[in-house]
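Here the structure is laid out as structure tokens; the discussion comes afterwards.
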Amino acid sequence: MIVMKFGGSSVESRAQIEKVLHIVRARLARRPVVVSSAHKGMTDALINAAKLAATGRFDPSIPLGRQRAVAESLGCAPDLLAPFFQEIEDLLRGISLVKELSPRSLDYVASFGERMAVRCIADFFARSGVQARAYDVWDLGFITDANFGRARPLPGFGARAKAMFAERVPEGVVPIVTGFVGRNEAGEITTVGRNGSDLTATLLAAGLDAEEAQIWSDTDGVMTADPSVVKTARNIPTMHFDEAAELAFFGSRVLHPSTLLPAMEKGIPVRVLNTNRPDHPGTVIDFNTDAASPAVTSIAYRERQVVLKISSTRMFGEVGFLAQVLAVLARHEVVIDVITTSEVSVSMTTDDLGKLGRALPELERFGTCEVLPNRTTLVVVGQGLPRQKGVAAQVLEAMSQAGVNVEMLSYAMGSINLCMVIDDASVAAAVAVLHRSMFERAS
């Protein structure tokens with residue numbers, strides 16, 4: 001069995017869904033389980049309609065029009081999605097009347113993209129000669145906690161998934177399963193987070209003991225840099241799980257940050273492939289490590305980060321100072337990504353200015369606080385980074401050549417990730433010069 005996840009760009013139109021059909025048909029012997037995202041743009045359209053409704057304005061025309069156009073292009077019967085259209089209208093009307101949009105209601109609205117997409121795709125597959133059936137993932141054991149917006153399956157998911165698949169998926173039928181969504185024990189719809197269909201796929205792969213999880217998108221696997229910024233970015237044929245996890249967390253556009261954890265726990269390879277070039281081998285991510293691997297595998301970045309700097313002479317020689325600061329941040333649920341210290345200051349990055357702002361009154365008792373928005377965490381990642389001399393010097397020399405000021409630098413002992421903080425405005429120049437230095441001159 002293989003689990004195949006197709007992203008929004010892979011199912012955005014009839015032309016793309018026909019490509020998915022051919023890809024799946026060619027792999028029927030491997031018993032594919034297909035996990036689908038919503039059609040491209042649908043989740044945003046639903047969320048925007050919900051936010052508009054919360055202001056008292058009821059207008060479901062954009063998400064319904066977008067979904068209706070895709071369904072009609074596929075030749076789906078009008079009554080296939082009629083109950084969903086009515087439910088969306090009722091829900092948005094209710095939100096517009098009370099002018100309130102809770103996290104629970106937002107998850108409910110956002111879930112319709114995947115739920116409608118899988119029904120259209122399964123219907124099209126069946127009429128095209130591939131036995132297929134649409135499934136909401138909660139009907140296959142995906143029962144989650146009540147953490148709306150970032151839910152996770154309850155313990156025992158693997159056993160539930162195997163039992164539900166055996167009971168509800170007939171032999172020879174390709175299940176077309178909703179990504180991104182779930183349902184808690186109270187029957188309320190949840191979501192695992194934006195772009196979370198990748199996570200659904202690897203959780204299913206782990207739960208079902210699949211031989212491989214495949215992530216199909218619109219790029220040739222994982223690249224040495226963001227191809228929208230660096231036109232000469234190249235495919236990485238193989239990667240270690242650790243490298244891919246670092247890249248996903250620090251902004252790689254290919255994988256959801258949590259995607260790899262279920263696969264890592266079960267040792268299931270993750271293959272990243274291109275729907276538009278299905279013959280391309282893509283990238284295989286697993287535990288295999290090439291001792292001769294290059295020092296740097298790829299470059300990634302996360303924009304719109306915030307730096308907090310706390311300066312205080314009290315830090316000098318004081319036991320527990322940093323622990324107290326981190327305790328305040330923890331109470332306000334501020335997630336810290338990068339941290340550096342000196343004897344009289346500590347600097348750290350986060351991506352949530354709102355939560356940080358609520359923590360500031362408490363933090364100011366520790367010293368002078370500066371909040372610096374519009375920063376980017378730029379990382380170079382590679383298994384060979386700890387053992388090859390001079391790489392850090394090469395990275396910083398590239399930053400100098402690009403005319404980019406490195407405001408923070410973090411590199412842990414034996415780390416496969418060298419992280420820098422720069423201004424958002426410097427990203428394009430920094431990545432282009434860094435890629436040229438790390439990859440193009442050596443080739």
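The figures that follow rest on heavy atoms only: side chains count, while hydrogens, waters and symmetry mates do not.
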With a 4.0 Å cut-off, would you call [X] and [Y] a salt bridge?
| X | Y | value |
| --- | --- | --- |
| Arg304 | Asp424 | no |
| Asp123 | Arg119 | no |
| Asp107 | Arg183 | no |
| Glu211 | Arg30 | yes |

Taking all atoms of both residues into account, what is the closest heavy-atom pair of [X] and [Y], and its distance?
| X | Y | answer |
| --- | --- | --- |
| Phe142 | Gly182 | CD2-CA, 3.8 Å |
| Val371 | Pro373 | O-CD, 3.5 Å |
| Leu74 | Phe124 | O-CD1, 3.6 Å |
| Ser128 | Leu21 | CB-CD2, 3.5 Å |
| Val380 | Leu385 | O-CD2, 3.9 Å |
| Pro32 | Pro175 | O-CD, 3.6 Å |

Should we say atom [atom1] of [X] is surrounded by more than 12 heavy atoms from elsewhere, each under 6.0 Å from it?
| X | atom1 | result |
| --- | --- | --- |
| Lys19 | NZ | yes |
| Arg152 | CZ | yes |
| Arg25 | CZ | yes |
| Leu261 | CG | yes |
| Arg14 | CZ | yes |

When you measure from the centre of the six-membered ring of Phe112, is the NZ or CZ of Arg115 under 6.0 Å away and within 45° of the axis? yes

Side-chain heavy-atom pair [X], [Y] within 4.5 angstrom cut-off:
| X | Y | value |
| --- | --- | --- |
| Lys5 | Leu204 | no |
| Ile236 | Ser298 | yes |
| Glu114 | Asp136 | no |
| Leu356 | Leu329 | yes |

What distance do [X] atom [atom1] and [Y] atom [atom2] have between them, rounded to the nearest 0.5 Å?
| X | Y | atom1 | atom2 | result |
| --- | --- | --- | --- | --- |
| Cys120 | Ile17 | SG | CD1 | 7.5 Å |
| Arg375 | Thr350 | CZ | OG1 | 14.5 Å |
| Asn184 | Thr190 | CG | OG1 | 6.0 Å |
| Met348 | Thr340 | CE | OG1 | 8.5 Å |

Using the side chain to side chain donor-acceptor pair (under 3.5 Å) rule, take Glu212 and Gln214 through it: C-alpha gap first, then chi angles, then the decisive distance, then the call. CA-CA 6 Å; Glu212 184 174 273; Gln214 298 182 352; 2.9 Å; yes

For residues 165-177, pull every pair meeting side-chain hydrogen bond (donor to acceptor under 3.5 Å, both in side chains), keeping only residues two or more places apart or in separate chains. none

Arg234, His435, Glu440 screened by side chain to side chain donor-acceptor pair (under 3.5 Å) with Thr224, the one that passes: His435

Name the residue from Thr283, Thr219, Asp220 that meets the side chain to side chain donor-acceptor pair (under 3.5 Å) definition with Asn235.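 Running side chain to side chain donor-acceptor pair (under 3.5 Å) over Thr283, Thr219, Asp220 with Asn235 returns exactly one hit, Thr283.
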
Is there a side chain to side chain donor-acceptor pair (under 3.5 Å) between Gln394 and Ser437 once you walk through the steps? CA-CA 8 Å; Gln394 186 179 354; Ser437 175; 3.3 Å; yes

Side chain to side chain contact (heavy atoms under 4.5 Å, CB included) between Tyr108 and Leu91, intermediate numbers included: CA-CA 9 Å; Tyr108 188 6; Leu91 180 57; 3.7 Å; yes

Could you check His280 against Leu273 for side chain to side chain contact (heavy atoms under 4.5 Å, CB included), going step by step and ending with a plain yes or no? CA-CA 7 Å; His280 192 283; Leu273 297 155; over 6 Å; no

Can you confirm whether or not the ring centre of Phe250 sits under 6.0 Å from the ring centre of Tyr301? no

Before you tell me yes or no, could you show the steps for Glu243 and Asn417 under side chain to side chain donor-acceptor pair (under 3.5 Å), namely the whole-Å CA-CA distance, both residues' side-chain angles and the distance that decides it to 0.1 Å? CA-CA 8 Å; Glu243 294 174 308; Asn417 165 11; over 6 Å; no

Begin from the C-alpha positions of Asp209 and Ile268 and carry the test side chain to side chain contact (heavy atoms under 4.5 Å, CB included) through to its verdict. CA-CA 8 Å; Asp209 294 326; Ile268 296 171; 5.6 Å; no

Test log, rule side chain to side chain donor-acceptor pair (under 3.5 Å), inputs Thr349 and Thr377: CA-CA 8 Å; Thr349 67; Thr377 51; 5.9 Å; no

Show your reasoning for whether side chain to side chain contact (heavy atoms under 4.5 Å, CB included) applies to Phe6 and Thr275. CA-CA 8 Å; Phe6 291 92; Thr275 304; 3.9 Å; yes

